[in-house]
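Beneath this line is the structure, given in structure tokens, with notes to follow.
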2 protein chains.
Amino acid sequence: MAAQRGQRNGVGGDTPPAPTAAEITTPIPRVAEVPAARERARAIPEAAVARLAVYLRVLSAMQEQGAVTVSSEELSAAAGVNSAKLRKDLSYIGSYGTRGVGYEVTVLIEEIERILGLTRKHSVAVVGIGNLGHALANYGGFPGRGFPVSALFDVDPDLVGVPVGGIAVHHIDDIPAVCAEREVSIGVIATPPPAAQAVCDRLVEAGVQCILNFAPVVLQVPDHVEVRKVDLAVELQVLSFHVARRADDAAAMEGRQVNGMVVS
Amino acid sequence: MAAQRGQRNGVGGDTPPAPTAAEITTPIPRVAEVPAARERARAIPEAAVARLAVYLRVLSAMQEQGAVTVSSEELSAAAGVNSAKLRKDLSYIGSYGTRGVGYEVTVLIEEIERILGLTRKHSVAVVGIGNLGHALANYGGFPGRGFPVSALFDVDPDLVGVPVGGIAVHHIDDIPAVCAEREVSIGVIATPPPAAQAVCDRLVEAGVQCILNFAPVVLQVPDHVEVRKVDLAVELQVLSFHVARRADDAAAMEGRQVNGMVVS
DNA sequence: TACCGCTTGTGAACGTGTGCACAAAGTCAG
DNA sequence: CTGACTTTGTGCACACGTTCACAAGCGGTA
């Protein structure tokens, strides 16, 4: 059940600390009993959501090591972010810390999982059983579990029927049927670029609303479908840019006066 | 204490890459001469660099189809961004368009390649020849070419010596020697999480300055090393968040008041 | 040459996200 | 109970990135 207690908005509502006059601009928050959690979820910046996932992993590791509470300082250090940012990120999901003490690890894990929707299983379908697709299928359970790979697809007739990572491969024409039957909520596209859009269309048709795209193409999807892209070529090229920048810097540094000290 | 050096999360597409540690050096009044290109390179926002890589791919496709010139409108549509943003991105690298006409495809390709440092080959080393590492090694030449995989490493003695994708696997103890010899400039970490940091340290020791990390851990590296992270678990969890948000929206839409009722 | 329509390049407004700094709120010792 | 100390939660300011809107500039046309 998990009824949510309507937690109030972060802004001091119960204790009237006589908030100067700065509050004038803020509209009255207390309108309807509009429920917070849902509204709040929408308000979480995408970047913060990605970080929450990282915090979750770090917290799980800490929990395994027997940690009971953590301070924002510890957690932020382990997650590689600044502590203020961490606290702000956590504040998006509510106030679960204790001042002077820190956060209870289990509570934080629970709350983050709830916000990220990890309390429910999300079936994943992988389309394109080539090098990458094969690797993804074999990940088994997928990293962090809670994401069971429950369907595999490919065009190659030789591959259809063959089990990969314990699951039989279906033909992509069966995407709508199989995805619907197995309630796939996330589709992973690992096909060659030319096939990606067609596959994407089929997934959308099958009712899949979230897609993780490894193919180096820009997918066209309806507004209600969420796409995230992982593009190796782009990653490498960005790194290449940094290599080049470094080389240039070094060259410039050399040619210029070597002024070891730069005041600031 | 120093500012934390986070790793950029490599995601392109419509979701803005979670930035972290914008690395702006102190506002040094560097008004020196004007080699432009170097100074300019530093000024390009990370997000824009990632998009340039995308434009490059789209342009290559257009070139193959025989296109000679392209307007910002066409190109931006194909790349899935807004035309103003595209023009601004291109303006970071210079003015290579012709008003009233558009951009010459070949010129644009050349300039983007130059800025991204693609005029030079970047040897890539893949560490961790498991599911993913294997897939990466077999990509051969790596997507977009210009990134030859020239070294493979693993701890497993049974794997050492075995050729994968045409290249023999070395033991990770040989990272420094082999990387130095083959002038590896980009290291790809595809090991299990516990091994990642140690491998990273070895790569850094070998002089590798850019790392693409697939392991779900936050790597600690010296300031002069650039890390980009590709984290499947995070990607899936972000998508999970969107699934949950959608479900909530739908529920709210349907039940109006209701305070909570999450599935079980 | 003068005009017209088209597309670039960019100054400026806007929005979002980050980091700082501090009051609020809790613990613990005496 | 009081006071010292610790850590959260957040208002605020700043910086970055995105978007708008338009002048500048170019090709084509008469």
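Reckoned from all heavy atoms, side chains included, excluding hydrogens, waters and symmetry mates. Each chain gets a letter, A, B and so on, in the order the sequences are listed, and its residues count up from 1.
- With distances taken from any side-chain atom of S91(A) to the nucleotides dG17(D), dT10(D), dG19(C), the minimum falls on dT10(D).
- In this structure a side-chain-to-backbone donor-acceptor pair under 3.5 Å is present from Q197(B) to Q220(B).
- The structure places CG of L116(B) at 10.0 Å from NE2 of H242(A), a figure rounded to the nearest 0.5 Å.
- The 5' end of DNA chain D is approached more closely, in terms of each residue's nearest nucleotide, by Y103(A) than by the other of Y103(A) and K88(A).
- Going from atom NZ of K85(B) over to atom P of dT16(C) covers 13 Å, rounded to whole Å.
- Listed pair Y92(A) / dT18(C) fails the phosphate criterion, with no side-chain N or O lying under 4.0 Å from OP1 or OP2.
- Atom-to-atom, OH of Y96(A) to P of dT10(D) comes out at 12 Å; the value is rounded to the nearest Å.
- Summarising the geometry, the separation between CD on E74(B) and C1' on dT8(C) is reported as 14 Å, rounded to the nearest angstrom.
- Distance, E46(A) CD to dG15(C) C1': 16 Å, rounded to whole Å.
- In this entry the distance linking CD of E73(B) with C1' of dT8(C) reads 12 Å, nearest Å.
- As rounded to whole Å, 11 Å separates atom P of dT10(D) from atom CG of L90(A).
- Tested against S240(B) for a side-chain contact (heavy atoms from CB on, under 4.5 Å), the candidates I115(A), V49(A), T119(A), L118(A) yield a single pass: L118(A).
- Nearest heavy-atom pair across C210(A) and V243(B) is SG-CG2, 3.5 Å.
- To the nearest 0.5 angstrom, E73(A) atom CD is 8.5 Å from N82(A) atom CG.
- Screening S72(A), S76(A), S71(A) for a side-chain hydrogen bond (donor to acceptor under 3.5 Å, both in side chains) with R87(A), the sole residue that qualifies is S72(A).
- Here dT7(C) presents its C1' atom at 13 Å from CG of L75(B), a figure rounded to the nearest Å.
- When rounded to the nearest whole Å, the span between CG of L86(B) and C1' of dG17(D) equals 15 Å.
- Among residue pairs with one or both ends in residues 52-69 of chain A, those qualifying as salt bridge (Lys or Arg N to Asp or Glu O under 4.0 Å) are R57(A)-D231(B); sequence neighbours excluded.
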For nucleotides 21-30 of chain D, just jot down a letter per nucleotide in 5' to 3' order: B, S or -, based on protein non-hydrogen atoms under 4.0 Å. B--BBBS---

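- For S71(B) and dT7(C), the shortest distance from a side-chain N or O to OP1 or OP2 is not below 4.0 Å.
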